[in-house]
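Note sheet for the following structure.
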Protein chains: 2
Amino acid sequence: MLPPKSPLQILRSADLRPTRQRLSLAKMLFVECDQHVTADWLYNKALSNGVSVSLATVYNTLNQFTKKGLLRHIIVDSNSSYFDTNTNHHHHFFFEGTGQLKDIPSDVIKIHGIPLLPDGATIDRIDIIIRVR
Amino acid sequence: MLPPKSPLQILRSADLRPTRQRLSLAKMLFVECDQHVTADWLYNKALSNGVSVSLATVYNTLNQFTKKGLLRHIIVDSNSSYFDTNTNHHHHFFFEGTGQLKDIPSDVIKIHGIPLLPDGATIDRIDIIIRVR
DNA sequence: CAATACTTTTGAACGATTCTAAAATAAAAA
DNA sequence: TTTTTATTTTAGAATCGTTCAAAAGTATTG
Ligand SMILES: [Mn+2]
Ligand SMILES: [Mn+2]
Ligand SMILES: [Zn+2]
Ligand SMILES: [Zn+2]
């Protein structure tokens, strides 16, 4: 186990300028593993923490963090995008009622029998979503 | 193998009035198994077939068909909803480049090790999406 | 410090989808 | 049939999550 990186270190190693907004958002996101956040949730969390940031910056930051590999974009709901602070390969329960996601470590689930891909194609990612109600 | 149902029979057994628009759309949808359509695609297909229908009706119809179990709603892309004419349990390849979906029969893929659900929860559906590029 | 590059912000724009309410059509009743 | 009623279609407006544009602000470099 490496010691956890500080928000500043995270931004530095992702080659992103450590601005006040990005530091605050990084702190809210990475203080805890396994968070599944929406833009709206993070924006409101920032507001309620007294962090002054615009919604556009929340979107910009989530997209930049995703592009840099600090977050993973999860598509489970047609009404809003989720961002996952766990970027390791893993799967999800999705609770339809509450909109909550819960991680399933990739090593507990095994898949067999993936058909051959059309040639030239390569697998980008395999998502297993167990929709629960 | 039962003989395939006609659009009229499909609508009748789903308890939907066989209007001109619904009959045309049903014909375009169910003439072929395993179609994965978006509202926009179906709307344009109707137009190019000379079928006069509004976009609102396309949306209404896709949603009604889904509610009646004639279609399945698939969430793979945050920019548009897909509807699947194959309502049996199965999985998908998703080609990120083209936005195409391709079925994977459920019996070729096996999953092992699904963790226990929180109590009270029941599985609604398990989606496996193999994202390919 | 000055110069440059990048970031944040606001409000407007976008695009997919849903809503509204009026006109059209299908089904049921007479 | 005709009349009545229930359902459906439609155009256009509204909604809502997300992105864009351009101006103002901030970090970085030398
Ligand atoms: Mn995105
Ligand atoms: Mn829907
Ligand atoms: Zn996760
Ligand atoms: Zn399918």
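On a predicted model such as this, the values are computed, not experimentally measured, just so you know.
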Notebook entry, point to check: For D:dT18, does OP1 or OP2 lie under 4.0 Å from any side-chain N or O of A:S81?
Noted result: yes

Next item on the list: Please round to the nearest 0.5 Å and tell me the distance separating atom CG of B:D15 and atom CD of B:Q64.
Entry: 11.5 Å

Next item on the list: Find the distance B:L11:CG to D:dT8:C1' and express it as a whole number of Å.
Entry: 13 Å

Can you give me every donor-acceptor pair (side chain of residues 39-51 of chain A, partner residue at least two apart or in another chain, under 3.5 Å) with its distance?
from	atom 1	to	atom 2	distance (Å)
A:S48	OG	A:N44	O	3.3
A:S48	OG	A:K45	O	3.1

Check: In whole angstroms, how far is the P atom of D:dG17 from the CG atom of A:L42?
Finding: 15 Å

Margin query: Contact list please: residues 51-61 of chain A against DNA chain C, heavy atoms, distance less than 4.0 Å, in numerical order.
Written below: A:S52, A:V53, A:S54, A:A56, A:T57, A:N60

Item checked: For atom NZ of A:K67 and atom C1' of C:dT7, their distance in whole Å -> 14 Å

Item checked: Rounded distance (Å) that lies between atom P of D:dT15 and atom CG of A:D40 -> 17 Å

Note to self: Is there a side-chain contact between A:N79 and the phosphate of D:dC16, meaning an N or O under 4.0 Å from OP1 or OP2?
What the structure shows: no

Notebook entry, point to check: NE2 of A:H73 versus C1' of D:dT19: gap in Å, rounded?
Noted result: 13 Å

Notebook entry, point to check: Passes side chain to side chain donor-acceptor pair (under 3.5 Å), B:H91 versus B:D127? Steps please.
Noted result: CA-CA 6 Å; B:H91 303 293; B:D127 289 331; 5.6 Å; no

Notebook entry, point to check: Are B:N86 and B:H36 close enough, and set up right, to give a side chain to side chain donor-acceptor pair (under 3.5 Å), and what steps lead you there?
Noted result: CA-CA 8 Å; B:N86 180 353; B:H36 304 94; over 6 Å; no

Check: Atom CD of A:Q64 and atom P of D:dC20: how far apart are they, to the nearest Å?
Finding: 13 Å

Check: Using the benzene-type ring in the case of Trp, are the ring centres of A:F83 and A:H73 under 6.0 Å apart?
Finding: yes

Notebook entry, point to check: Is it the case that B:D34 and B:H90 place a side-chain donor and acceptor less than 3.5 Å from each other?
Noted result: no

Next item on the list: Find out whether B:D124 and B:T122 are in side-chain contact, i.e. whether some heavy atom of one side chain is under 4.5 Å from a heavy atom of the other.
Entry: no

Item checked: Interatomic distance where CD1 belongs to A:I75 and C1' belongs to D:dG17 [whole Å] -> 14 Å

Note to self: Short of 4.0 Å, heavy atom to strand atom, which residues of residues 15-23 of chain A count as contacting DNA chain C?
What the structure shows: A:R17, A:T19, A:Q21, A:R22

Notebook entry, point to check: Heavy-atom distance under 4.5 Å between the side chains of A:H92 and A:I104, does that happen here?
Noted result: no

Next item on the list: Take atom CG of B:L47 and atom C1' of D:dA11, then tell me their distance rounded to the nearest Å.
Entry: 15 Å

Check: B:F65 pairs by side chain to side chain contact (heavy atoms under 4.5 Å, CB included) with which of B:L70, B:I10, B:T87?
Finding: B:L70

